[in-house]
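Heavy atoms only: backbone and side chains are in, while hydrogens, waters and symmetry mates are out. Counting starts at 1 for both ligands and their atoms, following the listed order.
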Amino acid sequence: MISEKMKPLVANNSVIRQMFEEGQRLAQEFGAENVFDFSIGNPNVPAPDSVKEAIIGILNTENPVKVHGYMNNAGFLGTRKAIADNLNERFGTDFTERNVIMTVGAGSAINITLKTMINPGDEVVCIAPYFVEYGNYIRNYDGVPVVVSSNPEGGFMPRFDELEEKINEKTKAVIVNNPNNPTGVIYPEEIIKELATLLERKQKEVGHPIYIISDEPYRELAYEGAEVPFVTKYYDNTIVGYSYSKSLSLPGERIGYILVPDESDNAGEFIDAATIANRVSGCVNAPSLIQLAIERCVDEKCNVEYYERNGKRLYDALSELGFSCVKPQGAFYLWMKSPVDDEKEFVQAAKKYNILMVPGSSFAGPGYVRISYCVSYEQIERSIPKFAELAKEYF
Ligand code: PLP
């Protein structure tokens, strides 16, 4: 018999995962080249060769007891130091290995952060539309998700007046995801500054820290050289969650980290508690072999041009067909307005052409659909005539 807490999760099993499975079924029926699966954020770009070479090199040269053994629950010292050094070089910061805790991807980074900071009933703000798992992660620790909307006319930037109203003594954190899944927008420096100023003031009012949890799996995926502000520089109580799932195409390896800056409230205590949270969550530590590979590949570049090209082609083609799309600035998602009010109806209609998209209501963004274009360029090209047939139903 399953727990009461699991029942709603089973009932609302992830639409994205269901789509992904449907895509695989359709591919078997019609052939993979005739299915246009834009559902999941699983990068089509292979991991860099250097990752493979690093893994082979580690297996050939390192002591297997080290490679496959337990280590400090925060992760290998060398890996954490390499990450701190890389961040310092890029962002002019002064982190050490002590500030970095290796985690099982960004999902685990956020879970461990939440486990470390929230008491039952504490509220965590999510800015809609948002990555649907945030709500589940918050509820894992009996926290309460509070949704603040963003402004479609203003490029899906957060509505600060609403944020101002919704923050209260119970507010523990605001999750910020930049570049954004699902809208593909980047919050520029002035938005992060405005958020920081508001939260500084609110912290004083409520008398306790209000954290920014900066969820950054798409940090390097910024187009046309756009700057993604590094949030710790603007707001002391920032906890960063990072992942190599997207930047190095390693989602199945489950590797990421938490960054806790010294400037954050009681940083030492937080780091110790988060390290224990990593252990007692059952993860114990991030997978060892891929940690060692990351240490060797930390300076590897993300293939941003690939996604930029895909995003541009799809945005131009769909806009030309009459669809209204948000121009992607980063990540690898196109956020498109549904031509009918009920976007689920539109998603159903697209399935007739073997086009799979995710309804915006799965991200608390009804009326829109998310098109995940981390697919091959050929899939995009082949899908355009199908999108044209779909468009004819509406325009
Ligand atoms: N946060 C966002 C915004 C995501 O889009 C994803 C994955 O798609 C995650 C977190 C989870 O990343 P990971 O696979 O590293 O756990």
Side-chain angles (χ1 to χ4, degrees), residues 14-20 37-45 47 51 75 83 100-115 124-138 140 145 147 150 156 158 173-187 212-222 228 231 239-259 278 281-283 285-287 290-291 293-294 302 307 311 328-335 358 360 362-365 370-375:
S14 163
V15 177
I16 304 175
R17 282 274 157 191
Q18 284 170 20
M19 284 270 184
F20 182 56
D37 185 353
F38 296 104
S39 59
I40 201 169
N42 198 12
N44 191 55
V45 176
V51 173
I83 290 170
V100 180
I101 301 172
M102 302 307 294
T103 64
V104 179
S108 188
I110 303 166
N111 268 277
I112 284 159
T113 301
L114 291 167
K115 186 171 177 63
V124 177
V125 174
C126 306
I127 299 159
Y130 61 90
F131 178 55
V132 64
E133 298 289 21
Y134 291 158
N136 295 326
Y137 295 167
I138 294 163
N140 278 345
V147 179
S150 57
F156 285 92
V174 177
I175 303 183
V176 173
N177 172 221
N178 200 26
N180 191 265
N181 173 10
T183 60
V185 303
I186 293 179
Y187 301 149
I212 291 180
I213 301 176
S214 187
D215 179 27
E216 306 184 0
Y218 305 97
R219 184 197 292 144
E220 290 79 15
L221 281 150
V228 181
V231 184
I239 310 293
V240 175
Y242 183 79
S243 161
Y244 294 93
S245 295
K246 318 291 173 169
S247 58
L248 294 188
S249 299
L250 296 170
E253 297 294 348
R254 315 303 306 132
I255 187 74
Y257 62 81
I258 299 174
L259 180 74
N278 207 9
S281 69
C283 295
N285 54 251
I290 196 71
Q291 277 195 56
I294 291 296
C302 160
Y307 300 112
Q329 299 170 330
F332 42 53
Y333 303 106
L334 184 69
W335 190 237
V358 183
S362 301
F363 306 92
R370 188 192 78 171
I371 302 177
S372 177
Y373 57 78
C374 52
V375 298

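Although no hydrogens or angles enter the test, the distance criterion places a donor-acceptor pair under 3.5 Å between the side chain of Lys246 and the main chain of Gly41. Of the possible polar contacts, one joining the Ser281 side chain to the Asn278 backbone as a donor-acceptor pair under 3.5 Å is found. The main-chain N or O of Tyr187 is found under 3.5 Å from a side-chain atom of Asn178 such that the two form a donor-acceptor pair. A donor-acceptor pair is defined here as one N or O able to donate and one able to accept, closer than 3.5 Å; no such pair exists between the side chain of Ser249 and the backbone of Pro43.
The nearest heavy-atom contact from the protein to atom 2 (C) of ligand 1 is Asp215 OD2, 3.3 Å. Ranking the protein heavy atoms by distance from atom 6 (C) of ligand 1 puts Phe131 CZ, 3.4 Å first. Of the protein's non-hydrogen atoms, the one nearest atom 12 (O) of ligand 1 is Ala106 CB, 3.6 Å.
Side-chain contact between Tyr218 and Asn177: present, with at least one pair of heavy atoms (C-beta onward) separated by less than 4.5 Å. With a 4.5 Å cut-off on side-chain heavy atoms, Ile239 and Ile258 count as touching.
With respect to Asp215, the side-chain hydrogen bond (donor to acceptor under 3.5 Å, both in side chains) criterion is satisfied by exactly one of Tyr242, Tyr134, Tyr130: Tyr134.
The proximity of Ser245 to ligand 1, defined as any non-hydrogen pair under 4.0 Å, is limited to the side chain. In Tyr218, the part holding a heavy atom less than 4.0 Å from any atom of ligand 1 is the side chain. Contact annotation for Arg254 and ligand 1: only side-chain heavy atoms (C-beta onward) come within less than 4.0 Å of the ligand. In Tyr134, the part holding a heavy atom less than 4.0 Å from any atom of ligand 1 is the side chain.
To the nearest 0.5 Å, the span separating CD on Glu133 from CG on Asn140 amounts to 9.0 Å.
Annotation for ligand 1: atoms under 4.0 Å from non-hydrogen atoms of Asn181 are 3 (C), 4 (C), 5 (O). Atom numbering of ligand 1 starts at 1 in the shown order; those under 4.0 Å from a heavy atom of Asn177 are 3 (C).
Note on ligand 1: Gly41 sits outside its first shell, no heavy atom being nearer than 4.0 Å. Using 4.0 Å as the threshold, Lys246 has a heavy atom nearer than that to some atom of ligand 1.
Looking at Ile110 next to ligand 1, no N or O pair under 3.5 Å apart turns up.
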